[in-house]
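First comes the structure, then the notes that go with it.
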Amino acid sequence: ADDEGGRGIGRGGSDTAAPMSAESQDPNLEIALAHGSSLIVNALGPPPQHMIDRCNELGVKTGALAGKAQHAERHVNAGVDFIIAQGSEAGGHTGEIGTMVLIPEIVDAVGDTPVLGAGGIGHGRQMAAAMALGASGVWCGSVWLTTDEAETHPVVKDKFLAASSSDTIRSRSRTGKHARQLKSAWTDEWENPETPMPLGMPMQMVLTGEAIMRIDRAAHNAGSGAEALSNYFVGQIVGTMNESKPAARVVMEMVEEFIDAVESLGRQLEV
Ligand SMILES: Cc1cc2nc3c(=O)[nH]c(=O)nc-3n(C[C@H](O)[C@H](O)[C@H](O)COP(=O)(O)O)c2cc1C
């Protein structure tokens, strides 16, 4: 499911279906498949059966994000090929259980189904930790947002580069469901007990989609005031995203640090 959208409603998806609904994503699935995607991943619930069937028909693997062991069991019963165990540290829609606790719980719950670890993974040591907890690999989101190739809004990218790991919040203010993002004047106002609570999903997106688009547009003009409001989904790993670099360098550094971490653990077993 895509979290961002034209008019705040599933970009590239149906204009008539409710935002974030399965129906709104049917056109996106067909576009992804037409581009030869080799895997399709779903969040916020098990993938609808017709989407799994469509992917199976074409030999495309399916996965789903889980923030609890029960979610993972539901995804396996729905027929996905692999699970992404995404801990609370993650950017975007995320639950309350930390990655360290979640990965082994999910690994133990789903038997032979491969599990990727996610949430707070941006370096090789974190990758080694996830794999030590039983993950078959890792799944990263936030760390790409400050790469040279990222399409992150320039104002938001600068905020990410300067932010610490304490500067994110799980807020319902963008979509109606808890999603980790950078703290900003926008999240501060929605957190203020004297202002109305966010609506649920999808109504909060209907309410705020247009405003968020305008804020992002205005934030390109220095001094507009919109810079203070602009933010985006990002996880706690933002605290170590301090330099814009090519995505290839992120990958190489992660692999090198992973090897060092595993070798160093191996040395601890030497007698
Ligand atoms: C900007 C942003 C947008 C995201 N949008 C989606 C999405 O539309 N669908 C989805 O399944 N996961 C989405 N995620 C979650 C990622 O797939 C991934 O699980 C998460 O980023 C991993 O944690 P990390 O941010 O600590 O790397 C998003 C994450 C970020 C940072």
Side-chain angles (χ1 to χ4, degrees), residues 1-21 23-25 27-28 31-32 35 43-44 90-94 140-164 167-192 194-239 241-247:
D2 190 352
D3 285 279
E4 273 303 289
R7 294 190 288 137
I9 301 174
R11 180 166 47 202
S14 160
D15 274 352
T16 49
M20 309 297 277
S21 64
E23 298 70 37
S24 75
Q25 298 307 320
N28 286 342
I31 292 166
H35 281 271
L44 303 179
H93 293 113
T94 191
C140 304
S142 297
V143 79
W144 311 120
L145 296 173
T146 48
T147 58
D148 296 347
E149 294 89 341
E151 291 173 356
T152 310
H153 191 298
V155 168
V156 176
K157 189 171 179 178
D158 284 346
K159 288 187 183 185
F160 285 171
L161 291 170
S164 81
D167 291 332
T168 71
I169 183 169
R170 277 174 78 245
S171 163
R172 297 204 299 114
S173 61
R174 273 183 96 94
T175 68
K177 281 191 189 286
H178 285 105
R180 191 174 297 285
Q181 54 204 278
L182 207 62
K183 286 179 193 161
S184 68
W186 171 276
T187 58
D188 289 350
E189 279 310 314
W190 282 101
E191 289 301 308
N192 181 345
E194 284 167 23
T195 59
M197 298 275 285
L199 303 175
M201 178 184 278
M203 295 318 289
Q204 183 70 6
M205 299 173 79
V206 174
L207 179 71
T208 62
E210 178 85 26
I212 289 176
M213 262 183 29
R214 287 181 181 210
I215 287 166
D216 286 346
R217 229 178 7 240
H220 284 285
N221 303 320
S224 67
E227 300 105 302
L229 290 161
S230 69
N231 79 353
Y232 197 39
F233 304 120
V234 76
Q236 292 176 337
I237 194 74
V238 72
M241 291 158 44
N242 301 326
E243 182 195 351
S244 182
K245 51 177 111 160

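- Closest non-hydrogen pair, Asn242 versus Gly239, comes out as OD1-O, 3.3 Å.
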Could you check Glu191 against Ser171 for side-chain contact (heavy atoms from CB on, under 4.5 Å), going step by step and ending with a plain yes or no? CA-CA 8 Å; Glu191 289 301 308; Ser171 163; 4.1 Å; yes

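- The shortest side-chain heavy-atom distance between Arg172 and Met197 falls under the 4.5 Å cut-off.
- Of all non-hydrogen atoms in Trp186 and Leu229, the two that sit nearest each other are CB-O, 3.4 Å.
- With hydrogens and angles disregarded, no donor-acceptor distance shorter than 3.5 Å links the side chain of Thr187 to the backbone of Lys183.
- At a cut-off of 3.5 Å, with distance as the only test, no side-chain donor of Thr195 or Trp190 sits close to an acceptor on the other residue.
- Considering only heavy atoms from C-beta on, Val156 stays 4.5 Å or farther from Asn231 through its side chain.
- A side-chain N or O of His93 and one of Thr175 form a donor-acceptor pair less than 3.5 Å apart.
- Among Lys157, Lys159, Gln181, Arg174, the one residue that satisfies the side chain to side chain contact (heavy atoms under 4.5 Å, CB included) test with Tyr232 is Arg174.
- Here Phe160 contributes atom CZ and Ser142 contributes atom OG; the two are 7.5 Å apart, rounded to the nearest 0.5 Å.
- Annotation for Leu207 and Leu199: closest pair CD2-CD1, 4.0 Å, computed over non-hydrogen atoms.
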Take Leu44 and Met201, measure what side-chain contact (heavy atoms from CB on, under 4.5 Å) needs, and give me the verdict at the end. CA-CA 11 Å; Leu44 303 179; Met201 178 184 278; 3.9 Å; yes

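- Using a 3.5 Å distance cut-off with no hydrogens or angles, the side chains of Ser244 and Asp148 do pair a donor with an acceptor.
- A donor-acceptor contact closer than 3.5 angstrom links the side chains of Arg180 and Thr168.
- How far CZ of Arg214 is from CD of Glu210: 5.0 Å, rounded to the nearest 0.5 Å.
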Are Asp167 and Leu182 close enough, and set up right, to give a side-chain contact (heavy atoms from CB on, under 4.5 Å), and what steps lead you there? CA-CA 6 Å; Asp167 291 332; Leu182 207 62; 4.3 Å; yes

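- Minimum interatomic distance between Val238 and Ser164 (heavy atoms only, all atoms of both residues): CG1-O, 3.6 Å.
- The shortest heavy-atom contact between Ser230 and Asp216 is CB-OD1, 3.8 Å.
- When every heavy atom of Ala226 is checked against every heavy atom of Ala218, the shortest pair comes out as CB-CB, 3.7 Å.
- Judged by distance alone, with hydrogens and angles left aside, the side-chain atoms of Glu149 form a donor-acceptor pair with the main-chain N or O of Ala247 at under 3.5 Å.
- Residue pairs meeting the ring pair (Phe, Tyr, Trp, His ring centres under 6.0 Å) criterion with at least one member in residues 200-230, sequence neighbours excluded: His153-His220.
- At least one donor-acceptor pair under 3.5 Å links the side chain of Thr152 to the backbone N or O of Leu145.
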